[in-house]
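Step one of this worksheet: look at the structure below.
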Amino acid sequence: MSTRKQVVEILNQVADLLEIKGVDYKPRAYRRAAREIDSLTEDLTDIYEEGRLEDIPSVGKNTAEKIAEILETEKLEYYEELKKEIPIDPELLKVRNLGPKKVKKIWDELDLTSLAELEEALKSGKIREIKGFGPKSEENILKGLKIVKESQGKSHLSEVLPEARRIKEGLVDSSLFDKVSFAGSLRRRKYEVGDVDILATAGDRDKAMDHYTTLDGVEEVLSKGETKSSVRIKTGLRVDLRIVDSASFGSALQYFTGSQEHNVRLRQLAISKGYKLNEYGLYAEEAEEKVAGAIEEEMYQKLDLSWIPPELREDRGEIQAAGEGELPGLIEGDDVMGDLHCHSARSSDSHIPLDVLVREARKRNYSYLAVTDHAEISGIVGGLTDDRVAEHVDQIESANSAVEELDLLAGAEVNIQPDGTLDLGDGSLKELDVVIAGVHSHFDRSRAEMTERTVRAMENPNVDIIAHPTGRKIGERGSFDLDWGKIFARAEETGTALEINASPARTDLEDKLIKRAKEEEVKLTIGTDSHRVNHLDYMELGLNLARRGWCEKANVLNTLPLSDLRAWLAG
DNA sequence: GCCGTTTTCGGCCCGACTGTTTTCAGTCG
């Protein structure tokens with residue numbers, strides 16, 4: 001575990017324990033600090049060594065000392081003491097319907113500290129006997145416990161989006177609703193989505209809710225009311241529908257889109273300007289006069305902010321930027337001119353014949369597409385070798401001359417060896433239009449070695465793009481640790497682009513690193529890493545990532561017309 | 001514990017819902 005993750009984990013657990021203890025405000029302070037540290041892209045150790053810990057927002061003298069202690073000793077005495085005082089597994093707090101107060105209560109009453117003990121106490125009926133609990137609590141905690149045990153219950157955006165769209169369509173098509181919009185993390189296009197939030201207005205709410213809870217695909221109705229109903233659909237996904245007055249649609253949309261951190265910040269701003277902000281509207285303080293509510297844009301406008309695209313609402317400086325008129329003009333789907341990372345059937349793990357790639361690219365109105373087949377990794381046969389590159393280039397060129405309005409680029413995805421060399425020779429790489437280099441093996445090296453390895457690959461003048469820079473595979477292996485200061489600096493100096501790999505299994509780079517890359521003036525590309533026909537659709541996911549990373553059209557190379565792209569690739 | 005175009009001390013977002021209570025505490029988003 002990286003030291004940064006370790007610090008974040010300990011600070012969050014300190015917050016958990018303090019919350020159980022019943023301390024006010026401190027837990028929030030620790031959590032805020034943890035969140036800031038988690039979103040750092042700079043190396044925490046560097047910050048510490050340069051004595052800049054207190055420059056991190058929400059980190060004061062006290063927390064800085066604690067971070068220093070963790071970095072030096074990999075432990076925190078304060079945390080160890082707390083654990084002795086309150087020997088409770090913080091996992092308990094993840095159980096829905098079980099917060100710090102109730103956790104403390106069951107510990108006080110039954111001396112139970114773990115999920116296993118909780119389950120036992122529930123089953124033997126001990127929980128319901130505690131004052132303040134009852135049969136309903138028992139039932140709800142059991143439900144919450146089940147969800148915790150069945151993994152953390154988050155799904156990838158790519159799985160959720162089609163289901164959510166189907167539900168939304170089912171609402172729109174019924175004509176029972178006037179406005180229907182996604183809200184929540186789905187609207188912000190986070191790559192991990194817990195549940196789907198839909199917001200709507202409707203004339204006849206009862207009829208509308210009846211329709212919703214009986215939609216095709218609904219497995220279970222979790223709750224049903226006039227303003228809010230929740231269902232679980234066949235894939236296990238939970239979908240919440242809220243029906244609001246159209247006079248409050250904008251404020252509700254703003255509110256339910258979040259993020260929570262964004263909303264807190266926005267409310268603070270509202271207060272400082274003499275307003276009160278809630279999901280029903282924006283109110284002038286004394287008069288209780290509603291000044292905005294029906295339209296989301298107006299909510300921001302009245303607070304002297306430009307409208308903030310949902311993807312940016314993460315409290316990463318967007319409110320300040322909106323106040324100063326400095327929000328980025330985010331990249332749009334139509335800006336993308338082509339896909340720079342696709343595999344044809346030549347790659348032994350891809351099943352897309354070249355003519356199918358061509359067909360799909362044309363269908364999407366791309367003006368170019370790079371066919372970047374794998375170099376042969378030891379043990380996997382059939383990939384590109386120095387002997388086969390000429391044939392690959394010939395094949396692409398002849399396919400190219402057969403199609404109009406689309407240019408195929410001959411490329412390769414080569415492997416970065418542990419020492420930073422590549423598995424195709426420079427002579428071969430020179431023949432190719434696009435060279436993507438990526439780490440595909442030997443992930444267990446140190447931060448310094450991984451950084452050096454990647455930097456060396458960037459220093460090869462034939463390398464255009466670093467593929468999936470952190471190497472992570474979601475649910476399989478984490479990101480490897482890199483010295484991002486060095487990576488971004490060398491990328492910028494060598495004119496190497498970093499890839500936003502749109503494949504849901506990778507989702508790499510992530511938004512916060514994209515944002516930092518942009519700030520460091522590093523060029524980015526969006527690639528789908530397609531190995532199957534339907535993977536070309538991942539472009540939308542890559543676009544979401546880029547937008548969440550504050551990218552404008554100018555930051556992403558595959559928005560360039562072909563001639564400019566070629567000039568960049570050649571440079 | 002942090003922070004300051006209301007403050008270096010005194011605040012720290014806000015409302016709905018639920019289940020348990022006899023008027024509200026706890027949890028959630």
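Letters A, B, ... mirror the listed sequences (proteins, then strands); counts begin at 1.
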### Query
Contact class for P100(A) (heavy atom, under 4.0 Å): base, sugar-phosphate, or nothing?
sugar-phosphate

### Message
Looking only at the side chain of A29(A) (C-beta and beyond, no hydrogens), which of the listed nucleotides dC13(B), dG1(B), dC14(B) gets closest?
### Response
dG1(B)

### Query
Using 4.0 Å as the upper bound for N to carboxylate O, is an ion pair formed by R188(A) and E314(A)?
yes

### Minimum-distance nucleotide to K101(A) side chain [options: dT27(B), dC17(B), dG1(B)]
dT27(B)

### Message
Assess whether a salt bridge exists between E9(A) and K5(A), defined as any Lys/Arg side-chain N lying under 4.0 Å from an Asp/Glu carboxylate O.
### Response
no

### Task
Using the P atom on both, measure dT22(B) against dC28(B) and round to a whole Å.
23 Å

### Task
Quick one: label K66(A) by what it contacts on the DNA or RNA (base, sugar-phosphate, nothing), any heavy atom closer than 4.0 Å.
sugar-phosphate

### Residue N62(A), side-chain atoms from C-beta onward, closest of dC2(B), dC13(B), dC28(B)
dC2(B)

### Task
Could you work out the separation of dT8(B) and dG1(B) based on their C1' atoms and round it to a whole Å?
15 Å

### Query
Which one, dC12(B), dC14(B), dT27(B), comes nearest to the side chain of I271(A)?
dC14(B)

#### Entry: dT18(B) and dT23(B), which share atom name C1', separated by this distance in whole Å
15 Å

### Query
Counting heavy atoms not belonging to R265(A), are there more than 12 under 6.0 Å from its CZ?
no

### Query
Of the options D511(A), L513(A), T507(A), L524(A), which is the one that meets I500(A) in a side chain to side chain contact (heavy atoms under 4.5 Å, CB included)?
L524(A)

### Task
Starting from P on dG4(B), measure out to CZ on R265(A) and report it in whole angstrom.
9 Å

### Query
Base, sugar-phosphate, or nothing: which does D197(A) touch, judged by heavy atoms less than 4.0 Å apart?
nothing

### Query
Atom NZ of K224(A) to atom P of dT18(B): distance rounded to whole Å?
15 Å

#### Entry: Residue S58(A), side-chain atoms from C-beta onward, closest of dC3(B), dG1(B), dG29(B)
dC3(B)

#### Entry: Base dG29(B) paired with Y255(A) side chain (donor-acceptor, <3.5 Å)
yes

### Message
Can you check the distance between dT27(B) and dT20(B), where both ends of the measurement are the P atom (answer in whole Å)?
### Response
13 Å

### Message
For dC12(B), is there a stacking contact with Y25(A), counting only centres under 5.5 Å and planes under 30°?
### Response
yes

### Task
Let me know which of L18(A), I88(A), L76(A), I20(A) forms a side chain to side chain contact (heavy atoms under 4.5 Å, CB included) with L82(A).
L18(A)

### Identified pairing partner of dT8(B), criterion: Watson-Crick or G-U wobble below 3.5 Å
none

### Query
Taking the P atom of each, how far is dA16(B) from dC9(B), in whole Å?
37 Å

#### Entry: Euclidean distance, atom CG of residue L269(A) to atom P of dG4(B) [Å, nearest integer]
14 Å

### Query
Out of dG26(B), dC13(B), dG15(B), which nucleotide sits closest to the side chain of E279(A)?
dG15(B)

### Task
Round to a whole Å and report the spacing from CG of L266(A) to P of dC13(B).
13 Å

### Query
Which whole number of Å gives the distance between the P atom of dG15(B) and that of dG10(B)?
26 Å

### Message
Work out how far the C1' atom of dG4(B) is from that of dC14(B), and round it to whole angstrom.
### Response
22 Å

### Query
Just by modelled atom types, is the E120(A) backbone N or O under 3.5 Å from a matching donor or acceptor in the S124(A) side chain?
yes

#### Entry: Touch class at under 4.0 angstrom, heavy-atom based, for K102(A) against every strand present
sugar-phosphate

### Task
Tell me what V14(A) touches on the nucleic acid: a base, only sugar-phosphate, or nothing, going by heavy atoms under 4.0 Å.
nothing

### Summary
Out of dG15(B), dG1(B), dG19(B), minimum distance to the side chain of K136(A) belongs to dG19(B)

### Sugar-phosphate, base or nothing in reach of L98(A), heavy atoms under 4.0 Å
sugar-phosphate

### Message
Roughly how many Å apart are dT5(B) and dC12(B), using the P atom of each and rounding to a whole number?
### Response
16 Å

### Query
Can you tell me how far C1' of dC14(B) sits from CD of Q268(A), to the nearest Å?
12 Å

### Query
What ring-ring contact (aromatic ring centres under 6.0 Å, His included) pairs are there with at least one residue in residues 155-181 of chain A, not counting sequence neighbours?
H156(A)-Y191(A)

### Task
Measure from the side chain of R28(A), starting at C-beta and using heavy atoms only, and say which of dC13(B), dC2(B), dG29(B) lies closest.
dC13(B)

### Task
Send over the distance from R267(A) CZ to dG29(B) P, rounded to a whole Å.
15 Å

### Query
Of all the choices, dC3(B), dT21(B), dA16(B), which nucleotide is nearest to the side chain of K131(A) once you look at every atom?
dT21(B)

### Length of the line joining L18(A):CG and dG1(B):P, which is rounded to integer Å
8 Å

### Query
Within this structure, what is the CD1-to-P distance between I106(A) and dT27(B), rounded to whole angstrom?
10 Å

